[in-house]
Each structure stands twice: as C-alpha cells, then as structure tokens.
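Heads up, the thing below is written out as structure tokens.
The chain is numbered in sequence order, starting from 1. Values reported hereafter were calculated over all heavy atoms of this structure, with side chains retained and with hydrogens, waters and symmetry mates removed.
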Amino acid sequence: MSIGRMDLNLLKVFDAVYEDRNLVLAGRRLNLTQSAVSHALTRLRELVGDELFMRTGKGMVPTGRATAMAPSLRDSLRRIEATLGVEPFSPEKSGRRFVIAANDHITMVLLAPLSRRLQDAAPGVDLVIRPSTRLDLAEQIDLGRIDLAIGIFSQVPPRLSARTLMSQREAILMRKGHPASRRKLTLADLAKYPLVTISVGGQEEGAVDGFILERGLARQSEMFARHALEEALEEAGQVARMRVTVPHSLAIPSMLQESNMLSIVPSSLAKALVRGADLLVRQPPYRAGTSITRAVWHQRNDHDVAHAWLREQVAEAARGAAGGADA
C-alpha cells in the first residue's frame, strides 16, 4: 500500500466506526450519511487488504487487524490535529464526546455534578458513562475506547497517567429507628447485625485483597476495607456476617429501610444515599483507613488540550463532591 493513495478522512471514518461499532452513529459524529461511511470503509478495506469490520447482530465487530490498528491510528490522528492546530478546542463550541468509566457511586456523587457544570460551559459536549466494573477496563483504555477511568486503584502501570481527585473515609448506614441508632455504634453491633456490602468482583474474577489486577491496573472490587473490619472484629473475638452482597449501591436504601442490617460504604456515597431516605449515618467503631479516588487515562492523552480540559472539569466536580463528605 502506498501512503500517497491514503486519504486521511478514511482513517477518521475508521476511528469513528471502531468507537461506535455502528455506521449510523459514526456518520452522525462525522456529519456523513451511512452510505458515505460505508463507501469510505470499502475504500479503506481495499487499501489495507482486510475486511476490518464484520457486520453482526451486535453491530460492526472489528477484525484482529482493525483491533491492532486502532490505538496507533487514534494516537496519530490526535497528534496530527495537535500539530496542525486544525481543530482548536473551544469548550463552548465543541461537539466532542468523552467516554468515562465509573461505577454507580462515582456517577452519582461526581459525574452528575460534572454534567451540570458542562450544561453552561460546554453545551455541545457529550458524556458517555460506561461501567468501570468491566473486566477489560485496562484494555479499553489502551484501545482508546475509554478517555478517563475514575475509581480506586492500588496500582497504575507506567503507560497510564493518574490524578488524585478526592480522599474519604468509610461510613455506616442504618435505618432510622434501628436498635443501634440510640447510642454510639460498637464492634459488637457489627457482629450482631448482618451487613449489606458492595462487591463488583470476587475471587472467581481474580480479585485479591479487594482488588482486581488486569494489564497492570489494579482496581477496587469491594467498596469497603474488609481486612480492617475483620481484623478489628477478630481482636474482639467477633465475626461479621455478610448477609447480602450487591454489585451496585442503589439497592442499599431499600434493603436497609425494612431490616436491621447495616452497610459500610464510602462517606460521599453515604451522604448521597441518605437524601430522601429514612437512613442514618454513623462512624465505624474501628480504624477503617482512607480511600483515594483517582482519574486514570492513557499517557498519549497527556497533552491533548480537550482531554486536559476534561480532567480539570472532573477535578473541580470532585472538589465539590468531597466537600463535607466526611462531615
């Protein structure tokens, strides 16, 4: 293949189809008809000698060649744009779409206020929130399908960059009128009353000490410091009962309101869940430690002006979410 025959617009079409897995959606992003997108893919297939995408019931599935091409091509397109300055980033005029990976807790306490910030500052910018609990999170970042992942990470590989967003302690939720609500919570209460806990992956998914390691990125699988709780109870000769384990936080209020169960959650989540619910927040009767929420992205985006702007907007939203979280 001669580079002289290459039309860079074909690469932009490839990048859009790889991201959206859909010709119509890719066309909308590029202001092209479905027919134009299909024609561009045909030309690119002829140039590279590969089908690139296979049409299936789940959309356009990339071939192995396309999967290998995608990260480098996206990186090259961004570098060309940055070098030529052909697409300067203006938040109030931009129609860019950012993909952020986060769990429902982060979506509730951080990304919701972020969306409100963007309504005025960048009305044309779209956010796509995808679950950070997916087992291929690191791969998705490597492939450029996720711009930013937000969560608690115990290990970040050198190819990825990270920024601390907020730190917080744990809190314990219970219903109003709970037998333990009339006094200071004790370790005996945590042994007596069953717990509702949040876990997005266990040993069967490769979790070790509450974290899942994939491609050098270790992400939190449990939403509380299990070891701190178990060690505190062991010293007191007690054992906690994890009666219900859920993969997301939104089910917790309904489970607590009609039972004597307790739930250990991050303090910012506790603050969010008690709004509009008959729940009380109490401090743990043991040293639970502090968790650090970070944003993680691929280093190829370090100097992308639009990406840097997004990271700053996320950091500002996090500062607001962290305020009063441990109050």
Side-chain angles (χ1 to χ4, degrees), residues 98-115 117-118 127-171 198-201 206-228 248-249 265-272 288-304 306-326:
F98 294 104
V99 181
I100 299 177
N103 59 28
D104 64 335
H105 159 218
I106 295 297
T107 301
M108 181 188 303
V109 305
L110 196 159
L111 298 183
L114 171 66
S115 177
R117 287 178 59 86
L118 299 190
L127 295 179
V128 177
I129 313 302
R130 291 184 176 156
S132 61
T133 55
R134 59 195 312 161
L135 294 180
D136 58 353
L137 176 61
E139 180 185 39
Q140 296 295 299
I141 297 174
D142 286 338
L143 292 176
R145 300 197 67 200
I146 290 175
D147 293 301
L148 205 64
I150 303 175
I152 297 174
F153 305 97
S154 65
Q155 180 177 319
V156 178
R159 71 183 184 280
L160 305 183
S161 297
R163 176 174 181 172
T164 297
L165 297 177
M166 62 181 180
S167 62
Q168 58 185 316
R169 297 185 180 278
E170 293 178 352
I198 307 172
S199 177
V200 295
V208 178
D209 293 333
F211 286 86
I212 293 177
L213 177 65
E214 50 179 0
R215 299 174 184 264
L217 180 67
R219 60 178 175 83
Q220 186 186 42
S221 63
E222 293 185 320
M223 296 290 289
F224 73 108
R226 177 189 290 266
H227 284 311
H248 47 75
S249 62
V265 298
S267 56
S268 63
L269 177 60
K271 181 181 177 182
T290 301
S291 61
I292 307 296
T293 299
R294 293 191 283 177
V296 171
W297 65 94
H298 201 282
Q299 284 189 347
R300 62 173 170 262
N301 291 319
D302 282 353
H303 303 296
D304 182 313
H307 200 282
W309 172 84
L310 172 67
R311 299 195 301 265
E312 189 57 37
Q313 297 305 307
V314 170
E316 287 291 335
R319 280 190 277 271
D326 290 324

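- Once rounded to the nearest 0.5 Å, the distance linking CD1 of Ile106 with CD1 of Ile129 reads 11.0 Å.
- A side-chain hydrogen bond (donor to acceptor under 3.5 Å, both in side chains) with His105 is found for one member of Ser249, Ser268, Ser132 and no other, namely Ser268.
- Distance CG/Leu160 to CD/Gln299: 7.5 Å, rounded to 0.5 Å.
- Counting heavy atoms from C-beta outward, Gln220 and Ser154 have side chains that stay 4.5 Å or more apart.
- A distance-only check finds no donor-acceptor pair linking the side chain of Arg130 to the backbone of Val99 [under 3.5 Å].
- Across every non-hydrogen atom of Arg159 and Ala138, the tightest pair is NH2-CB, 4.2 Å.
- Atom CG of Leu217 sits about 5.5 Å away from atom CD1 of Ile141, to the nearest 0.5 Å.
- Residue Leu127 is tested with Leu111, Leu114, Asp147 for a side chain to side chain contact (heavy atoms under 4.5 Å, CB included); the sole match is Leu114.
- The distance from the CD atom of Glu139 to the CD1 atom of Ile146 is 10.0 Å, given to the nearest 0.5 Å.
- For the atom pair CG of Leu110 and CD1 of Ile100, the computed distance is 8.5 Å after rounding to the nearest 0.5 Å.
- Residues satisfying the side-chain contact (heavy atoms from CB on, under 4.5 Å) criterion with Arg117, sequence neighbours excluded, are Gln313, Glu316, Ala317.
- Shortest non-hydrogen contact noted between Ala171 and Ser267 is CB-CA, 4.2 Å.
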Worked check of salt bridge (Lys or Arg N to Asp or Glu O under 4.0 Å) between Glu170 and Arg226: CA-CA 11 Å; Glu170 293 178 352; Arg226 177 189 290 266; over 6 Å; no
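- Inter-residue side-chain proximity for Val156 and Arg294 is flagged as met; some heavy-atom pair is nearer than 4.5 Å.
- Taking both residues in full, the closest heavy atoms of Ala288 and Ala225 are given as O-CB, 3.8 Å, listed atom of the first, atom of the second, then distance.
- Counting heavy atoms from C-beta outward, His298 and Asp142 have side chains that approach closer than 4.5 Å.
- Relative ring orientation between His307 and Trp297 is described as tilted, the plane-to-plane angle lying within the 30° to 60° band.
- A heavy-atom distance below 4.5 Å is found between the side chains of Phe153 and Leu137.
- In this structure, Arg311 and Leu148 approach most closely via the heavy-atom pair CG-CD1, 4.1 Å.
- Smallest separation of non-hydrogen atoms from Leu269 and Val265: CD2-CB, 3.9 Å.
- Going from atom CD1 of Ile152 over to atom OG of Ser167 covers 10.5 Å, rounded to the nearest 0.5 Å.
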